[in-house]
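To find a chain, count down the sequence lines: A is the first, B the second, and so on, and within it residues start at 1. Hydrogens, waters and symmetry mates are skipped; everything else that's a heavy atom, side chains included, is used.
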Amino acid sequence: MNIFRLIGDLSHLFAILILLLKIWKTRSCAGISGRSQILFALVFATRYLDLFTHFISLYNTLMKIFYLCSSFGTIYLMYVKFKATYDRNHDTFRVEFLLIPVAILSLIFNHEFDVLEILWTFSIYLESVAILPQLFMVSKTGEAESITSHYLFALGAYRGLYILNWIYRYYTEGFFDLIAVIAGIVQTVLYCDFFYLYITKVLKGKRLT
Amino acid sequence: KENDLDHDEL
């Protein structure tokens with residue numbers, strides 16, 4: 001554990017919490033892509049199967065449980081409790097265009113041809129593109145509430161911080177995971193355009209349009 | 001080898 005990784009994890013935690021709080025407080029999930037949320041839940045469900053096979057640390061276990069519960073909680077709020085506020089007409093990104101290539105890639109490029117390992121690889125690749133339905137929705141409606149922007153910023157910052165963590169781990173431990181690093185870079189790059197708008201607009205109090 | 005695949009990150 002290093003400072004980049006810790007702040008990255010906390011940023012991820014913060015992103016999930018502000019999304020849940022936004023939906024809960026406003027009693028609405030307008031502007032949020034349910035498809036991205038389903039992809040994130042799938043990411044956690046396929047990556048954290050190791051909860052059943054081996055223990056890493058209490059921190060690791062608790063964070064995994066939190067991410068799993070909160071992502072399924074978000075889906076429940078969007079598709080059940082506040083279903084009427086879900087903006088489904090604008091949430092039209094075709095997720096099969098992500099799922100199929102990601103599934104094929106994970107079968108070809110993995111560390112080991114083993115069920116758990118392939119599912120872990122699938123989750124890493126899927127996470128890198130899971131935000132696309134959300135970004136597509138923002139571009140389609142042409143705007144995002146500032147709370148949605150804060151959510152996206154915290155979520156993007158998390159993987160960016162993980163890149164710093166990998167650089168640090170490479171020099172201190174010789175740790176290098178090519179799959180995670182490439183996917184992490186792709187994931188961070190997808191947020192770059194959004195980061196630019198966030199810094200130039202949202203932080204100056206303007207709406208993201 | 002086993003250790004390499006101990007994915008300790010989240």
Chain B contact via A:Asn60 - which portion, at a heavy-atom distance below 4.5 Å: both
Working for side-chain contact (heavy atoms from CB on, under 4.5 Å), residues A:Phe194 and A:Phe153: CA-CA 8 Å; A:Phe194 169 79; A:Phe153 183 79; 4.0 Å; yes
Residue part contacting chain B, namely of A:Asn165, when any heavy atom lies under 4.5 Å: side chain
Toward chain B, the part of A:Tyr59 with a non-hydrogen atom under 4.5 Å: side chain
Contact residues of residues 47-57 of chain A (partner chain B; heavy-atom separation under 4.5 angstrom): A:Arg47, A:Tyr48, A:Asp50, A:His54, A:Ile56
Residues forming a side chain to side chain donor-acceptor pair (under 3.5 Å) with A:Arg35, sequence neighbours excluded: none
Distance-only polar pair, side chains of A:Thr92 and A:Lys140, donor-acceptor under 3.5 Å: yes
Inter- and intrachain pairs under side-chain hydrogen bond (donor to acceptor under 3.5 Å, both in side chains), touching residues 17-31 of chain A, at least two apart: A:Lys22-A:Glu145
Atom of A:Phe40, atom of A:Ala130 and distance for their closest heavy-atom approach: CE2-CB, 3.7 Å
SB check B:Asp8 A:Arg169 (cutoff 4.0 Å): yes
Any residue meeting ring-ring contact (aromatic ring centres under 6.0 Å, His included) with A:Phe4, in chain and number order, not counting sequence neighbours: none
